[in-house]
Number of protein chains: 2
Amino acid sequence: MARAATTTDAFNAVAEPRRRQILDLLARGELAVNEIVERMGVAQPLVSKHLKVLREVGLVDVRDDGRRRLYRLDPVPLKPIHEWVRGFEQLWSERFDRMDVVLEELMEAENDERKHDHDPQRDGDAAG
Amino acid sequence: MARAATTTDAFNAVAEPRRRQILDLLARGELAVNEIVERMGVAQPLVSKHLKVLREVGLVDVRDDGRRRLYRLDPVPLKPIHEWVRGFEQLWSERFDRMDVVLEELMEAENDERKHDHDPQRDGDAAG
DNA sequence: GAAGCGTATATCCATATGGGAATACGTCAA
DNA sequence: TTGACGTATTCCCATATGGATATACGCTTC
């Protein structure tokens, strides 16, 4: 019945453009409510409401500072979104129209993760 | 006023779990409505409704086949989501604890985007 | 304590959602 | 044509949204 609450998960929370905008702002660093209000040009109560939604899905943390409240980004709840969409990436990306390249990149990525030992000179070729 | 329509963009369309499920199913290949209904175990009119939303945001294409309608995935509208979330990836991912690697990957991505201009007549060359 | 600031909460409203049920529509088989 | 099938559409409802406005709360300074 009715649409799922915006506080259900990050998918729903982030469907609202202004909430994405807030997250974009907070990506640069901690901000007080009023600073967000000024940068966005919307009413303060509205910003507080959006922040509440973001808090409830864990996308932001709050910290008291005198009579101000400083909000900080917590990107972790975005992970499921990233992972879900990522599964479709190969279906649109030009980078993936040749399977050998795809596999090569995947293996490089795995190697990077496993031994943190990547090749320092690989800028003259490829993709060109 | 009121929440933005589900048909506003992919962000809103995809906020609904069943719609993500449909896209997951279609990622494997074209499906008729009834096949989706069976795999999801929900009422047929509901599936048709969800498909309509997905159609309106361009996430699926339809094709008539006798009295059936075959739905096919079109992942392109997911791109903005992927790109937006990707901007936050470095904030949680282990792969990004080495800044040099991060910067290198970002520059590659930018180059890829800028050169989108690649030769339309030949698809067998370059890129590798 | 009073005033003022920064922020959160409470109403109010129009809107349209996801679901269920019933039904209309188009196509194929007798 | 008649019927069955596969899909889409219509009507109904409870729900809660985003925004506007007004107000309450907590802290700080006087």
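Numbers restart at 1 for each chain; the letters A, B, ... are given by sequence-line order, proteins then strands. Just so you know, these numbers use all the heavy atoms, side chains as well, and skip hydrogens, waters and symmetry mates.
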From the list Arg69(A), Arg68(A), Arg63(A), salt bridge (charged side-chain N to carboxylate O under 4.0 Å, His left out) with Asp65(A) holds only for Arg68(A)
Arg18(B) CZ to dG18(C) P, in whole Å, measures 11 Å
From CD of Glu38(A) across to P of dC5(C) the rounded distance in Å is 14 Å
note: Ile36(B), atom CD1; dA8(D), atom C1'; distance rounded to Å ~ 14 Å
Could you tell me whether the phosphate oxygens of dA14(D), OP1 or OP2, come under 4.0 Å of any side-chain nitrogen or oxygen in Arg3(A)?
no
Check your understanding: Phosphate oxygens OP1/OP2 of dA8(D): is one of them under 4.0 Å from a side-chain N or O of Arg69(B)?
Key -> yes
Comparing nearest nucleotides in DNA chain C, the 5'-proximal residue of the pair Lys52(A), Ala5(B) is Lys52(A)
Practice task
Would you please confirm or rule out a distance under 4.0 Å between OP1 or OP2 of dG19(C) and any side-chain N or O of His50(B)?
Solution key: yes
- Message: Between Arg19(B) and His50(B), do the side chains contain a donor N or O and an acceptor N or O under 3.5 Å apart?
- Response: yes
Separation of dT7(D) atom C1' from Ile22(B) atom CD1, nearest Å, is 14 Å
Whole-Å distance, Gln21(A) CD to dG18(D) P, equals 14 Å
Counting just side-chain N and O atoms, does Asn34(B) come under 4.0 Å of either OP1 or OP2 of dT7(D)?
yes
Side chain to side chain donor-acceptor pair (under 3.5 Å) pairs touching residues 34-47 of chain A, sequence neighbours excluded, are Gln44(A)-Ser48(A)
From CD of Glu35(A) across to C1' of dC5(C) the rounded distance in Å is 15 Å
Closest of dA20(D), dA8(C), dA8(D) to the Val33(A) side chain is dA8(C)
Between Ala2(A) and Ala4(B), the residue closer to the 5' end of DNA chain D by nearest nucleotide is Ala2(A)
Of dT17(D), dT9(C), dG19(D), the nucleotide closest to the side chain of Glu16(A) is dG19(D)
note: Leu46(A), atom CG; dA22(D), atom P; distance rounded to Å ~ 16 Å
In terms of heavy-atom contacts, Leu91(A) and Pro75(B) come closest through CB-CG, 3.5 Å
| said: Between Leu70(B) and Val62(B), is there a side-chain heavy-atom distance shorter than 4.5 Å? | reply: no
Arg19(A) atom CZ is separated from dG18(D) atom C1', nearest whole Å, by 9 Å
Min side-chain heavy-atom separation Arg20(A)-Trp84(B) under 4.5 Å: yes
Under a 4.0 Å heavy-atom criterion, the protein footprint on nucleotides 21-30 of chain C, written with B, S and -, is BB----BB--
- Please state whether the phosphate of dA8(D), meaning OP1 or OP2, lies under 4.0 angstrom from any side-chain nitrogen or oxygen of Tyr71(B). yes
| query | Do the side-chain N or O atoms of Arg68(A) get closer than 4.0 angstrom to the phosphate oxygens (OP1, OP2) of dG26(D)? | reply | no
_Is the shortest side-chain heavy-atom distance between Asp24(B) and Phe88(A) below 4.5 Å?_
yes
- request: Would you indicate what Ser48(A) reaches in the nucleic acid, counting non-hydrogen atoms under 4.0 angstrom: base, sugar-phosphate, or nothing?
  value: base
Nearest heavy-atom approach of Ala27(B) to Leu73(B) is CA-CD2, 3.9 Å
